[in-house]
Amino acid sequence: MASLQFWKPGTVGPGSNLDRATETEENVVSSAPISSALSLQAARERLPIFKHRQKLLYAVENHGVVILVGQTGSGKTTQLPQFLYEAGWAAEGNRIACTQPRRVAATSVASRVAAEVGTTLGDEVGYTIRFEDVSDKERTRILYMTDGMLFRETLIDPLLSRYSVIMIDEAHERSIYTDLLLGVLKKIRRKRPSLRLIVSSATLDAAAFLEYFLSGNSPDEATIVSLEGRAYPVEVAYLEEPVPDYVQKAAEVVWGIHLQQTPGDILVFLSGRDEIDRCLEILSELLPTLPRNAKRLQLLALHAGLTTDEQLRVFEHAERGWRKVIVATNIAEASVTIEGIKFVVDSGFVKIRTYNPTTAMSSLVTTPVSQASATQRAGRAGRTAPGVCYRLYTEQAFERLQPTTPPEITRTDLTTPILQLKSLGIDDLMKFEWVSSPPAESVLRALEGLVHAGMIGEDGRLTVIGEKVAECPVEVNIARMLFASKDYKCGEEILTIAAMTTIQDVFVIPEGAAGALAELERRKFTAEEGDHLTLLNAYNAFVRYGRSSSWCKAHALSFRAMSRAVSIRSQLKKYMQRFGLPLESCEGDAKRLRRCLVTGYWRNVARWTADGTYRAVRGDTVLHVHPHSVLFTRKPRSGWVIFHEMEETKKTQIRILTEIEPDWLLEHGHKFYDKHSGASVAAQ
DNA sequence: GAGCACTGC
């Protein structure tokens, strides 16, 4: 059984100043009810950031870029935009923007600040996220938004002329849009020096951001301002010896903490759903051995695959005499904040998606976390009181971890980002000042793909269709399909399919017996042609039965995902109308519809083989059908399929398949060879 | 016969 004497202690985090300000957390979804603007104002002024007010305003006044180093709880996100507002930065029709990598953060912070300012949300203080614009064109002075939204705005207003100050929050997370925005903003600053930037970041990355903005500029272009945080100290304990099975060890450690009877909830970081289930299973087998007088242990899972209701359960307070243990994926590292966590158990692993430009394949692999990640995880134990973090690896192993996680831009398909940069008039990508350069191979492959798809001409400039597709918030191949629907007279259906393929986890298949029932429900939508038409059926049924959540529940569909599909569809519909693409129905002519699908997916073709797997026509890779596919159990009659995406996990899998006829590929002028017979099966 | 880390437009 777990015994904690093997641990070697150490400490991270700030000093133990327990005389703290009243809790007024930012970025917390479940915040306390708002009593009155007056008491909020009092709470506001107790925040540590108030001591730095003059220093901050001076820095913004005198430098183009301020790198702001401050921990969660310093109040930067809620207070700094207000300081700037009060200091007159939003005068004369100017706006102050603050970007967030996530939608919930943008909305929850905006509503908090609106309350502090004493205004209705959407008036002086507002937010803009995809599908929701709660702001006023004339009156909004402080605007919270997702970084993706602000990047999109640069496509319409390349100098972002409405804004006087732009604060890029959580920049250390290095989302792809954060990186693209920083690159574009550096360029904008040269053309419009009156624009001020604030880049908010964790300590580790501040120097890199400073160096980035100073490069090629005068020394007073950028400066660093540090704020003290308000987190509590977290004691860190390492294993003395590595363990072979960290899932087993995680369960043992949780059990050990629990038996010690020190109060406080436990948060465990594992890499995925499988591990979470296994860990919870081990713990539930131990439950009967719990001494009669001991506290009870409430076991909870937290990962993105759960329904909203299931996710919300982790926020409920444990009943008297119970302790919560939440076994989570990386979702609990930054996206979801749970109050009252006193113990963190960190496996030191995370699943990371990386893109290989050479094979055009992405892979999802369990990888050791970075030191920055491990520090962030540990910090989850010290939000409301001092805490302890148990790392399931040795201190030497921690020292060997890479300092930060590689930014998303270095491990993703750049097709869409590059199309958008081109649309911004950035034609020479080699001269673009990336915060972190993506691999040259990625840039080249993306350009090559864009030329193939007809988005970029031989001169390297955007084509007419390329200009339009750059505006569309979908992947390039999907956009191509939308445009081709005009020729195949199936705009209505392709629009639905485009929306459905961009959402994830449409079908909710629970564990155990309920899962088998859900599988049967799912089959009711099955189209024999494949998954694209099955998704179309599910969408049409959802709309026909009144878009109801109870209907979704009864048919194993995610109401959240389906509602999102409705929003995406109506957004894409506006683009189609703008581009003069007709919304005709194929009137049940599935063949026409499938031929249209080929216009988008002609690079994703696979051929069935006798052992039930497929071979990629490009690259000859062995491909496994994802178990959620309606073609998982069935051979396609023609033996040929197109697929939406492929991903390497333990095996290389393809998701969302549709059967096609090989000669339809002829229309795309691409040549494929049958590797076994050597015969050209489709040639121009 | 078997599986999907997390975001965002």
Side-chain angles (χ1 to χ4, degrees), chain A residues 99-106 128-133 145-156 170 173-181 269-277 302-306 328-336 347 349-354 362-367 369 373 405 407-409 411-412 416-417 419-420 423 469-475 478-479 499 502-511 515-516 519 558 561 564 567-568 571-572 574-575 611-613 624-629 631-634 645 647-651 653-656:
Chain A
T99 71
Q100 296 292 323
R102 281 170 294 278
R103 295 158 55 94
V104 272
T128 305
I129 59 177
R130 189 182 187 183
F131 310 129
E132 267 180 79
D133 183 5
M145 60 208 302
T146 44
D147 46 19
M149 271 320 257
L150 187 61
F151 181 66
R152 185 149 288 273
E153 197 167 330
T154 63
L155 296 175
I156 301 154
E170 314 288 352
E173 288 188 22
R174 304 295 300 273
S175 85
I176 185 149
Y177 289 116
T178 298
D179 271 33
L180 291 171
L181 260 178
F269 285 100
L270 294 175
S271 82
R273 188 179 165 167
D274 267 6
E275 289 179 5
I276 290 170
D277 291 344
L302 178 63
H303 53 81
L306 300 174
T329 60
N330 220 32
I331 194 171
E333 191 180 300
S335 311
V336 172
S347 67
F349 284 93
V350 65
K351 273 188 192 165
I352 285 198
R353 182 194 288 267
T354 38
S362 66
S363 52
L364 193 62
V365 180
T366 305
T367 320
V369 294
S373 238
T405 311
E408 191 184 357
I409 202 155
R411 47 186 177 83
T412 197
T416 305
L419 182 69
Q420 288 171 333
S423 173
V469 169
E471 287 179 49
C472 263
V474 282
E475 283 169 43
I478 305 288
T502 53
I503 55 169
Q504 286 125 37
D505 305 313
V506 189
F507 296 102
V508 187
I509 311 290
E511 292 286 303
E519 285 283 353
S558 157
R564 204 173 150 72
S567 300
I568 294 173
Q571 189 189 34
L572 294 179
K574 286 184 195 139
Y575 283 96
D611 61 6
T613 64
H624 297 261
V625 179
H626 193 281
H628 281 181
S629 172
L631 290 175
F632 182 63
T633 47
R634 215 159 42 74
E645 60 186 2
E647 185 169 70
E648 198 178 350
T649 47
K650 282 170 203 153
K651 300 185 291 194
Q653 290 194 331
I654 47 178
R655 286 181 65 241
I656 313 183

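Numbers restart at 1 for each chain; the letters A, B, ... are given by sequence-line order, proteins then strands. Any value given below was found using the heavy atoms of this structure, including those in side chains, with hydrogens, waters and symmetry copies removed. None of the values given here were measured: they were computed from a predicted structure.
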* To do: Whole angstrom is fine here: how far is it from CG in A/Leu155 over to C1' in B/dG8?
  => 14 Å

* To do: Could you check A/Leu302 against A/Arg564 and say which one's nearest nucleotide on DNA chain B is further toward the 5' end?
  => A/Leu302

* Asked: Rounded to whole angstrom units, what separation is found between the CG atom of A/Asn330 and the P atom of B/dT7?
  -> 10 Å

* Asked: CG of A/Asp505 versus C1' of B/dT7: gap in Å, rounded?
  -> 13 Å

* Atom CD of A/Gln571 and atom P of B/dG8: how far apart are they, to the nearest Å? -> 14 Å

* Asked: When you measure from the side chain of A/Gln653, which nucleotide among B/dA5, B/dG3, B/dG8 comes out closest?
  -> B/dG3

* Asked: Between A/Asp505 and A/Ser558, do the side chains contain an N or O donor and an N or O acceptor separated by less than 3.5 Å?
  -> no

* Between B/dC9, B/dA5, B/dC4, spot the one nearest the side chain of A/Thr329, thanks. => B/dA5

* Structure fact -> Separation of B/dG3 atom P from A/Leu631 atom CG, nearest Å, is 18 Å

* To do: Using only side-chain N and O atoms of A/Lys651, determine if any of them is under 4.0 Å from OP1 or OP2 of B/dG3.
  => yes

* Asked: If you measure from the Lys or Arg side-chain nitrogens to the Asp or Glu carboxylate oxygens, is any gap between A/Arg102 and A/Glu173 under 4.0 Å?
  -> yes

* **Residue whose closest nucleotide on DNA chain B lies nearer the 5' end, A/Gln420 versus A/Glu647** => A/Glu647

* Asked: Are any of A/Thr416's side-chain N or O atoms less than 4.0 Å away from OP1 or OP2 of B/dC9?
  -> no

* To do: Starting at atom CZ of A/Phe632, determine the distance to atom P of B/dG3, rounded to an integer number of angstrom.
  => 8 Å

* Asked: For A/Thr146, which contact category applies under a 4.0 Å heavy-atom criterion: base, sugar-phosphate, or nothing?
  -> sugar-phosphate

* Asked: Residues in side chain to side chain donor-acceptor pair (under 3.5 Å) with A/Arg130, at least two apart?
  -> A/Gln571

* Report yes or no: is there a donor-acceptor pair, N or O only, under 3.5 Å between the side chain of A/His626 and the base of B/dC4? => yes

* Base B/dC4 to side chain A/His628, donor-acceptor N/O within 3.5 Å cut-off -> yes

* May I ask you to say what A/Ile331 touches in the nucleic acid, namely base, sugar-phosphate or nothing, with a heavy-atom cut-off under 4.0 Å? => sugar-phosphate

* Looking for any heavy atom pair under 4.0 Å, which part of the strands does A/Ile129 touch: base, sugar-phosphate only, or nothing? -> sugar-phosphate

* Consider the side chain of A/Thr633, meaning its heavy atoms from C-beta on, and name the nucleotide among B/dG1, B/dT7, B/dC4 that approaches it most closely. => B/dG1

* Do side-chain atoms of A/Glu408 reach the backbone of A/Ile176 as a donor and acceptor pair under 3.5 angstrom? -> yes

* Asked: Counting side-chain heavy atoms from C-beta on, which of B/dC9, B/dC4, B/dC6 comes nearest to A/Thr649?
  -> B/dC4

* Using a heavy-atom cut-off of under 4.0 Å over every strand shown, decide if A/Arg353 touches base, sugar-phosphate, or nothing. => base

* Under 3.5 Å: donor-acceptor pair, side chain of A/Ser362, backbone of A/Glu647 -> no

* **Test applied, side-chain contact (heavy atoms from CB on, under 4.5 Å); reference residue, A/Phe349; option that passes from A/Asn330, A/Leu270, A/Thr366** => A/Thr366

* Mind calculating the distance between CZ (A/Arg411) and P (B/dT7) to the nearest angstrom? => 14 Å

* **Atom-pair distance (CG on A/Asp611; P on B/dA2), nearest Å** => 12 Å

